[in-house]
Amino acid sequence: MCTAASFKMGGHFFGRTLDNDVSYGEEVVISPRNFKLWRGGGEHYAVMGMATVKEGLPLYYDGMNEKGLCMAGLNFIGFAGYSAPREGRVNLAQYELIPYILSTCATVAEAIRALEEVNLTDEAFSPEMPAAQLHWMISDGQCDIVAECTDGKMHIYADEAGVLTNNPPFDMQMFNLNNYMSLSAGRANNNFCPSLGLSEYGFGMGAIGLPGDFSSQSRFVRAAFIRNNYVPRDGEDGRTSLFHILGGVSVPHGCCRSGEGWAHSLYTCCMDGVKGAYSYTTYGDPSPHSLTFGDCNPDGNRLLRKKIIL
């Protein structure tokens, strides 16, 4: 369970919620230009984002690079399908995709060209960490795309809604929005039966029917509605706006049973692609905390790591 969204307001803002019932030791990690992020990588763009560090390697959940390109991986369980290595392709393990794209691409256009050459394999990071079933949202402030690998084939979609959740595949999520095209942030119209003299009795009735549950398909509809109708208050900055948008799909503890625990929004992040800042809030601490690329030596070869308290 996760939701990602982009927002453009005097800059480029991109972020996500991570909804889970367990933490894996998440940290905000900056990988400078000379830290080897993936097996074929040499010097590259600096990358910053949320990760679990294993054997000295950051396994990024999401992140941005110093050029402002942003990317997040979200669960895509039951649909993601990788393949064996292929001759003549850029063969990457699933956990290498975010580092590969963010370390080598400056724009979505470059990311698309790179993705067209990628073959994702199901190689596990370790016996205890099998390949995660994910799909990805990528944004540069000019356009948003979604990348999904099913049956060993990469599919790339233009994301005009500017959001992503989990299942089903993205094209089905977009088609489902047709069922909600009558919803409005404005006043409700009496289309039921004009002769009955029906009328509004409060604000917000134009959006009656907007899903309120926490399933991935419902969160997609709700996130798309909020993101595409959101109007910032006077003086509001883009980071605040994006946190409000994602707040509309956050999952409270105790409302979504997952296995033996409760799935909830462990953290919410916002990446400022212009300022090169990564901000986050956690379930236990709603105050934003931030890191920037200026907090480390961009030409170094050692990770800058900041543990978060959930």
Side-chain angles (χ1 to χ4, degrees), residues 1-7 13-30 48-54 58-64 70-77 98 129 132-137 163-167 210-227 230 236-272 277-292 295 304-310:
M1 294 178 60
C2 303
T3 305
S6 69
F7 193 65
F13 301 89
F14 176 86
R16 60 93 58 82
T17 65
L18 186 130
D19 311 322
N20 208 346
D21 56 2
V22 63
S23 167
Y24 294 99
E26 290 79 11
E27 304 177 54
V28 182
V29 181
I30 302 178
M48 171 169 53
M50 194 69 72
T52 295
V53 179
K54 294 291 185 181
L59 305 178
Y60 280 107
Y61 304 4
D62 53 66
M64 63 183 296
C70 302
M71 185 172 181
L74 283 71
N75 275 339
F76 194 42
I77 296 172
I98 289 180
M129 298 181 66
Q133 297 184 58
L134 304 175
H135 58 175
W136 297 266
M137 183 174 176
V163 301
L164 182 65
T165 57
N166 313 109
N167 301 339
L210 183 68
D213 63 88
F214 301 110
S215 66
S216 60
Q217 197 159 23
S218 293
R219 282 183 287 107
F220 188 96
V221 175
R222 194 159 71 253
F225 182 86
I226 297 171
R227 185 262 192 191
Y230 191 84
E236 183 173 300
D237 61 87
R239 184 183 77 166
T240 299
S241 297
L242 188 66
F243 275 128
H244 281 309
I245 292 168
L246 291 172
V249 289
S250 65
V251 182
H253 191 274
C255 293
C256 184
R257 171 69 74 179
S258 176
E260 297 301 317
W262 298 102
H264 59 290
S265 297
L266 297 178
Y267 75 83
T268 304
C269 70
C270 173
M271 306 170 214
D272 185 330
Y278 185 99
S279 302
Y280 67 92
T281 64
T282 67
Y283 194 86
D285 183 1
S287 301
H289 301 267
S290 299
L291 269 76
T292 70
D295 291 324
L304 176 65
R305 301 167 58 177
K306 180 179 180 180
K307 284 190 175 292
I308 69 172
I309 299 174
L310 301 174

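Start at 1 with the first residue, then count along the sequence.
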K.L.:
Do Ile30 and Leu291 touch side chain to side chain, with heavy atoms closer than 4.5 Å?
P.N.:
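When only atoms from C-beta onward are counted, Leu291 and Ile30 do touch, with a gap below 4.5 Å.
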K.L.:
Could you tell me if Arg222 and Thr3 have a donor-acceptor pair between their side chains, going purely by distance under 3.5 Å?
P.N.:
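Their side chains do not contain a donor-acceptor pair, so the 3.5 Å distance test is not met.
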K.L.:
Can you tell me how far the CE atom of Met64 sits from the CE atom of Met71, to the nearest 0.5 Å?
P.N.:
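Here the interatomic distance stands at 14.5 Å.
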K.L.:
Any chance you could lay out the side-chain contact (heavy atoms from CB on, under 4.5 Å) test for Met1 and Asn75, step after step, and finish with the verdict?
P.N.:
CA-CA 6 Å; Met1 294 178 60; Asn75 275 339; over 6 Å; no
K.L.:
Does the side chain of Asp62 reach to within under 4.5 Å of the side chain of Met271, using non-hydrogen atoms?
P.N.:
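Of all side-chain heavy-atom pairs linking Met271 with Asp62, at least one is under 4.5 Å.
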K.L.:
Minimum heavy-atom separation for Val163 and Ala5, please, with both atom names.
P.N.:
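Minimum heavy-atom separation between Val163 and Ala5: CG1-CB, 4.0 Å.
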K.L.:
Does a side-chain heavy-atom distance below 4.5 Å link Phe76 with Leu74?
P.N.:
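Not in contact.
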K.L.:
Counting C-beta onward and ignoring hydrogens, is there a side-chain heavy-atom pair between Tyr283 and Leu266 closer than 4.5 Å?
P.N.:
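Heavy-atom side-chain distance check fails, nothing below 4.5 Å.
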K.L.:
Flag the pair Met137 / Arg16 as yes when at least one side-chain heavy-atom distance between them is below 4.5 Å, and no otherwise.
P.N.:
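Side chain of Met137 against side chain of Arg16, heavy atoms only: no contact under 4.5 Å found.
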K.L.:
Using distance alone, with no hydrogens and no angle criterion, decide if Tyr267 and Asn20 have a side-chain donor and acceptor under 3.5 Å apart.
P.N.:
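Distance-only check fails for Tyr267 and Asn20.
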K.L.:
Do Asn166 and Ser216 have a side chain donor and acceptor closer than 3.5 Å?
P.N.:
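Side-chain D/A pair, Asn166 to Ser216: absent.
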K.L.:
Over all heavy atoms of both residues, which pair between Ser241 and Phe7 is shortest? Give the atoms and the distance, please.
P.N.:
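Residues Ser241 and Phe7, closest heavy atoms: CB-CE2, 3.6 Å.
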K.L.:
For the atom pair CG (Asp285) and CD1 (Ile309), what is the distance rounded to the nearest 0.5 Å?
P.N.:
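One finds 8.0 Å between CG of Asp285 and CD1 of Ile309.
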K.L.:
Restricting to non-hydrogen atoms, name the atom on Phe14 and the atom on Ala4 that form the minimum distance, rounded to 0.1 Å.
P.N.:
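Here Phe14 and Ala4 meet closest at CZ-CB, 4.5 Å.
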K.L.:
Could you tell me which non-hydrogen atom of Cys270 sits nearest to which non-hydrogen atom of Leu242, and how far apart they are?
P.N.:
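Nearest heavy atoms, Cys270 then Leu242: SG-CD2, 3.6 Å.
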K.L.:
Looking at OG of Ser215 and CZ of Phe220, how far apart are the two atoms once the value is rounded to the nearest 0.5 Å?
P.N.:
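Going from the OG atom of Ser215 to the CZ atom of Phe220 covers 12.5 Å.
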K.L.:
Begin with the C-alpha distance, continue with both residues' side-chain angles, and end with the deciding distance and a verdict on side-chain contact (heavy atoms from CB on, under 4.5 Å) for Thr282 and Glu26.
P.N.:
CA-CA 11 Å; Thr282 67; Glu26 290 79 11; over 6 Å; no
K.L.:
Might you work through the side-chain contact (heavy atoms from CB on, under 4.5 Å) test for Val53 and Glu27, ending with a clear yes or no?
P.N.:
CA-CA 8 Å; Val53 179; Glu27 304 177 54; 3.9 Å; yes
K.L.:
For the residue pair Ser290 and Ser279, confirm or rule out a side-chain donor-acceptor distance under 3.5 Å.
P.N.:
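The criterion, which ignores hydrogens and geometry beyond distance, is satisfied for Ser279 and Ser290.
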K.L.:
Output the distance between atom CD (Gln133) and atom CG (Asn167), rounded to the nearest 0.5 Å.
P.N.:
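If we round to the nearest 0.5 Å, Gln133:CD and Asn167:CG are 9.0 Å apart.
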K.L.:
Determine yes or no for a side-chain-to-main-chain donor-acceptor pair under 3.5 angstrom, with Arg219 supplying the side chain and Phe214 the backbone.
P.N.:
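Yes.
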K.L.:
Can you see whether Asp237 engages Thr240 through a side-chain donor-acceptor pair at a distance of less than 3.5 angstrom?
P.N.:
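Yes, Thr240 and Asp237 have a side-chain donor paired with an acceptor closer than 3.5 Å.
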K.L.:
Just one of Thr17, Thr281, Asp19 clears the side-chain hydrogen bond (donor to acceptor under 3.5 Å, both in side chains) bar with Ser265, so which one?
P.N.:
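For Ser265, the side-chain hydrogen bond (donor to acceptor under 3.5 Å, both in side chains) check succeeds only for Asp19.
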K.L.:
Step by step, work out the side-chain contact (heavy atoms from CB on, under 4.5 Å) result for Lys54 and Tyr24.
P.N.:
CA-CA 10 Å; Lys54 294 291 185 181; Tyr24 294 99; over 6 Å; no
K.L.:
Do you know the tightest heavy-atom contact between Ser250 and Pro252?
P.N.:
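That closest heavy-atom pairing would be O-CD, 3.6 Å.
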K.L.:
Which pair of non-hydrogen atoms, one from Thr268 and one from Phe243, has the smallest distance, and what is that distance?
P.N.:
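Closest pair (atom of Thr268, atom of Phe243, distance): O-CE2, 3.6 Å.
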K.L.:
Should Phe13 and Ser6 count as side-chain neighbours, where that means a heavy-atom distance under 4.5 Å?
P.N.:
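Of all side-chain heavy-atom pairs linking Ser6 with Phe13, none is under 4.5 Å.
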K.L.:
Would you give the length of the straight line joining atom CZ of Arg239 to atom SG of Cys269, rounded to the nearest 0.5 angstrom?
P.N.:
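If we round to the nearest 0.5 Å, Arg239:CZ and Cys269:SG are 12.0 Å apart.
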K.L.:
According to the interplanar angle, ranging from 0 to 90°, do the rings of His264 and His253 count as parallel (below 30°), tilted (30 to 60°) or perpendicular (above 60°)?
P.N.:
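Judged by the thresholds at 30° and 60°, the geometry between His264 and His253 is perpendicular.
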K.L.:
Determine whether Trp262 and Arg257 make a side-chain contact, defined as any pair of heavy atoms from C-beta on separated by less than 4.5 Å.
P.N.:
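In short, these two side chains touch, coming nearer than 4.5 Å.
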K.L.:
So Phe225 and Leu210, do their side chains get closer than 4.5 Å, heavy atoms only?
P.N.:
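The answer is yes, as the side chains (C-beta and beyond) meet within the 4.5 Å cut-off.
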K.L.:
Answer yes if the side chains of Thr52 and Tyr60 hold a donor-acceptor pair under 3.5 Å, and no otherwise.
P.N.:
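Absent: no donor and acceptor within the cut-off.
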